[in-house]
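Step one of this worksheet: look at the structure below.
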Amino acid sequence: MTIYALSTGPGISGIAIVRVSGENTKKVIKLLTNTALPVPRVATLRKIYKINTSELIDEGIILWFPGPESYTGEDMAEFHIHGSKAVIDALHRSISKIEDCRLANPGEFTKLAFQNGKINLLKAESIADLISAETEIQRQQAIKIMNGKSADKFNSLREKLLKILSHVEAKIDFPDEELPKDILKNIKKISSEVILNIKKILDDQKVGERIREGFKIAIIGPTNAGKSSLLNQLSNRDAAIVSEIAGTTRDVIETHLNIDGYPVVVSDTAGIRDSKNEIEKKGIKLALDKAENADLKLIVIDVKSIDFKGVLKELMDENAILVVNKSDLLKEDLSPEIKNFEHVLISVKNNHNVEDLIFKIKNKLKNKFITSEDILITRERHRQHLEQSLDYLKNFEEKNEAEDFDKAAEDLRLATRHLGMIVGKIDVEEILGSIFNDFCIGK
Ligand SMILES: Nc1nc2c(c(=O)[nH]1)N(C=O)[C@@H](CNc1ccc(C(=O)N[C@@H](CCC(=O)O)C(=O)O)cc1)CN2
Ligand SMILES: Nc1nc2c(ncn2[C@@H]2O[C@H](COP(=O)(O)OP(=O)(O)OP(=O)(O)O)[C@@H](O)[C@H]2O)c(=O)[nH]1
Ligand SMILES: [K+]
Ligand SMILES: [Mg+2]
C-alpha cells in the first residue's frame, strides 16, 4: 500500500507539499516526471505531468527518500508544488490513478513511523502536540517530549523494574536456589524507589495536561450580569450574543486565548436563575458542570442587583475570582455584603478595570503552572498507565513480604508493562535478555 496526502495547511499558499509513502513511491515519481529518480535527499526541480499524458501539472521540487532512511521508514517522496487547490487536486488525481495508491488517513505517516520503530509513542504524540501548539509554553512542552525528556525517564524506571523482575523470575525458574540476601534487599530498595518516583511524577497538579489542553476558565453568574459581554471583551471579538434580555446565553460558548503564553479556554455560560424553560434549565446545568470542572471560575455579578447567594456563593473558593460588573452604574457605595469578599470591580461597558481582572487571572495561572519544569505527563493516558503501574507495584511490595513469588512476579510484570505502554515499548524479549546478561545462574 502506498499512501499520499497534502501535508501543508489548506487554503491558498505559495507552496504546498504532497507527501507519498510506501512501496510504489518510486513508481509515482517516475510516472509523474517521466524521467529518472532524483538523487536521494537532494531537492530537485522537475516538471510534473498528468499521468500517461504530456500535459504539465506544475513545475516543482521533488525530494526522494529511499527507505528505511525516511520519516516513515518506507520509501517516501515529497512534491513541493504551487499551493493552489487546482494544482493540488490535479496532482492528487494523478497519484490516485497509480496502483495501490490511496489517500492517507489522519496521522497515518506518523503511525507508520511508530510501527516501523522510527519513533516511540510519546514522540508520536508530541509531534501532534507540536503541530497544534498555539502558545509558546505549549510549543516548549511538546518539543521537550519530542526530544525524549519523558521517554528517558519512563524507560529508566522501566529498566529498573525489568532488572528486579529478572531476579524474581529466576527464582521462579530455579525454585530450589535461594535468592541471596543482598539481592532480596535490592529488589525492595528498587521497587520502593520506583514507587516514590512514580508518586512524584503523578503529583504534578496536572500541569502538563493543562498546558496541552488549555487552562479552563468558566464565566458564571446570574442572568444579565454581563458574562457574555466580558467574554467578548476578553477575546476581542463578538463571540457570544449580548442583549438586555435575561437568559440570552443557553449553550456554552468557548474561546481560546493566549494570556502571556498561557493557553486558556474561556467558557461563557447560561445565567443562573430559577427557570421553568426546559432549554434554559439544560443550559444552567451545563453552566454548573463547567464551573465545577474549571481551573478558575469568574463569578460575575451585577453591581445594581447583587444576587450572590446559594449556588454562586458555594462556588466561591480559592479557584474563583468574584467579578462585580457595571461599576459605571454605581452611584453610592458598594454593598457591605460584597465588600467583605475579595472582588474586582469592573465595567465592561467602559472597559474599566478589565486590565486589573486580567492581571489577577495571570497571577492565578502562574500559581498553577509553578512546577512546569519537571512535567512528564501530558495526557490522561500517561496518568492512567502510571497509576496502574503504581497499584501493581504496591501489590508487589506486599506480596514480596510474604515470599509469594509467583503472584509477586505477575504484579511486577504488569507494573512494568504499564510503564512500557506509555512509551509504546512492550517487548518480552527484553526480560530474557536482562536475565542472562545480569544474573549468573548456577553460580
Ligand atoms: N520537508 C519536510 N520538512 C519537515 C518534515 C518532513 O517530513 N519534510 N518533517 C516531518 O516530520 C519534520 C522534520 N522531521 C523529519 C524527521 C525525520 C526525517 C528523516 O528523513 N529521517 C531519516 C533520516 C535521518 C537523517 O538523515 O538524519 C531516518 O530517520 O532514517 C525527515 C524529517 C519537519 N520538517
Ligand atoms: N451599564 C453597563 N451595562 C453592561 C455592562 N456590561 C454588560 N452590560 C449590559 O448588560 C446586559 C446583559 O449583558 P450580557 O453580556 O448579555 O449578560 P449575560 O450575563 O451574558 O446575560 P445572560 O446570557 O442572559 O445570562 C446587556 O444589555 C449589556 O449591554 C457594563 O459594564 N455596564
Ligand atoms: K443577557
Ligand atoms: Mg450571556
Side-chain angles (χ1 to χ4, degrees), residues 214 216-257 259 264-317 319-335 337-339 341-362:
K216 287 180 268 181
I217 299 182
I219 303 180
I220 188 146
T223 51
N224 266 354
K227 301 179 297 300
S228 302
S229 307
L230 178 60
L231 177 85
N232 292 348
Q233 180 73 21
L234 291 173
S235 12
N236 252 326
R237 65 188 176 92
D238 289 334
I241 299 172
V242 166
S243 89
E244 67 284 350
I245 301 164
T248 301
T249 307
R250 302 281 174 96
D251 268 325
V252 174
I253 294 160
E254 294 192 335
T255 65
H256 289 243
L257 302 183
I259 301 186
V264 168
V265 185
V266 188
S267 301
D268 175 30
T269 64
I272 309 289
R273 65 169 173 182
D274 276 331
S275 171
K276 297 257 168 339
N277 182 302
E278 283 307 314
I279 300 167
E280 192 177 351
K281 269 159 72 179
K282 281 188 179 166
I284 293 170
K285 166 125 193 1
L286 283 180
L288 293 172
D289 289 349
K290 274 285 158 191
E292 196 166 317
N293 293 318
D295 299 306
L296 177 66
K297 291 161 288 209
L298 302 182
I299 301 184
V300 183
I301 57 176
D302 180 332
V303 80
K304 291 295 275 185
S305 53
I306 296 289
D307 181 7
F308 179 56
K309 36 188 188 303
V311 198
L312 288 178
K313 217 163 187 169
E314 279 163 33
L315 289 170
M316 263 318 279
D317 57 21
N319 294 320
I321 298 176
L322 181 59
V323 182
V324 183
N325 186 31
K326 309 197 188 181
S327 64
D328 54 289
L329 299 180
L330 191 68
K331 299 283 183 313
E332 63 283 12
D333 246 16
L334 201 55
S335 91
E337 196 200 347
I338 293 305
K339 268 188 173 167
F341 278 97
E342 200 189 322
H343 65 271
V344 194
L345 184 61
I346 66 166
S347 163
V348 176
K349 187 183 171 195
N350 294 348
N351 195 9
H352 181 254
N353 240 8
V354 177
E355 278 306 312
D356 190 34
L357 174 61
I358 294 175
F359 182 76
K360 288 210 160 66
I361 294 174
K362 275 184 204 166

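For the numbers below, each heavy atom of this structure counts, side chains included, while hydrogens, waters and symmetry mates do not. Counting convention: from 1, in listed order, for ligands and their atoms alike.
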Distance from Thr255 atom OG1 to Asn232 atom CG, nearest 0.5 Å?
8.5 Å
Do Thr249 and Leu231 make a side-chain contact, defined as non-hydrogen atoms from C-beta onward lying under 4.5 Å apart?
no
Where the closest heavy atom to atom 16 (O) of ligand 2 is concerned, which of Ser243, Ala225, Pro222, Gly271 has it?
Ser243
Considering only the protein, which heavy-atom contact is closest to atom 17 (O) of ligand 2, and what is its distance?
Gly226 N, 3.2 Å
Counting heavy atoms under 4.0 Å, the part of Asp268 that contacts ligand 2 is neither
Using 3.4 Å as a strict upper limit, say whether an N, O or S atom of Thr248 approaches the K ion (ligand 3) that closely.
yes
Atom CG of residue position Leu329 - does it have more than 12 heavy atoms of other residues, nucleotides or ligands inside 6.0 Å?
yes
Tell me, which protein residue and heavy-atom name are nearest atom 29 (O) of ligand 2, and how many Å apart are they?
Val242 CG1, 3.8 Å
Using a distance threshold of 2.8 Å, state whether an N, O or S atom of Thr249 lies below it from the Mg ion (ligand 4).
yes
Around Ile279, counting heavy atoms of other residues, nucleotides and ligands shown, do more than 12 lie under 6.0 Å from its CD1?
no
Which residue and atom name correspond to the protein heavy atom nearest atom 15 (O) of ligand 2, and how close is it?
Ser229 OG, 2.5 Å
Under 4.0 Å from a heavy atom of Ile245: give me the atoms of ligand 2 that qualify, with their elements.
24 (O)
Using a 4.0 Å heavy-atom cut-off, which part of Ala240 comes near ligand 2: side chain, backbone, both, or neither?
neither
Taking both backbone and side-chain atoms into account, decide whether Thr249 has an N/O/S atom under 3.4 Å from the K ion (ligand 3).
no
Quick check on His352: does its NE2 atom have over 12 non-hydrogen neighbours (other residues, nucleotides or ligands) under 6.0 Å away?
no
Mind checking whether the K ion (ligand 3) has an N, O or S of Ser243 under 3.4 Å?
yes
What atoms in ligand 2 come closer than 4.0 Å to a heavy atom of Lys227?
15 (O), 17 (O), 18 (P), 19 (O), 20 (O), 21 (O), 22 (P), 25 (O)
Starting from atom 21 (O) of ligand 2, locate the nearest protein heavy atom and write down its residue, its atom name and how far away it is, to 0.1 Å.
Asn224 N, 3.0 Å
Above 12 or not: heavy atoms from other molecules or residues under 6.0 Å from CG of Asp274?
no
Measure the distance from atom 6 (N) of ligand 2 to every protein heavy atom, then report the residue, atom name and distance (to 0.1 Å) of the closest one.
Asn325 ND2, 3.1 Å
Test of proximity, Gly247 against ligand 2: N or O pairs below 3.5 Å
yes
State, yes or no, whether a side-chain contact exists between Asp356 and Ile346 at a heavy-atom distance under 4.5 Å.
no
Contact partition for Asp328 relative to ligand 2, non-hydrogen atoms under 4.0 Å
side chain
What atoms in ligand 2 come closer than 4.0 Å to a heavy atom of Leu329?
1 (N)
Is Ser228 close enough that one of its N/O/S atoms sits under 2.8 Å from the Mg ion (ligand 4)?
yes
closest protein heavy atom to atom 8 (N) of ligand 2 is Lys326 CE, 3.8 Å
Just jot down the ligand 2 atoms closer than 4.0 angstrom to any heavy atom of Glu244, in number order.
27 (O)
I need the atoms of ligand 2 closer than 4.0 Å to a non-hydrogen atom of Ala246, numbered in the order shown.
24 (O)
Could you grab the angle centred on the K ion (ligand 3), going from OD1 in Asn224 to O in Ile245, to 10°?
80°
Glu278 and its salt bridge (Lys or Arg N to Asp or Glu O under 4.0 Å) partner, picked from Lys282, Lys281, Lys276:
Lys281
Could you tell me whether any N, O or S atom belonging to Val242 is less than 3.4 Å from the K ion (ligand 3)?
no
Atom of Ile253, atom of Ala239 and distance for their closest heavy-atom approach:
CG2-O, 3.9 Å
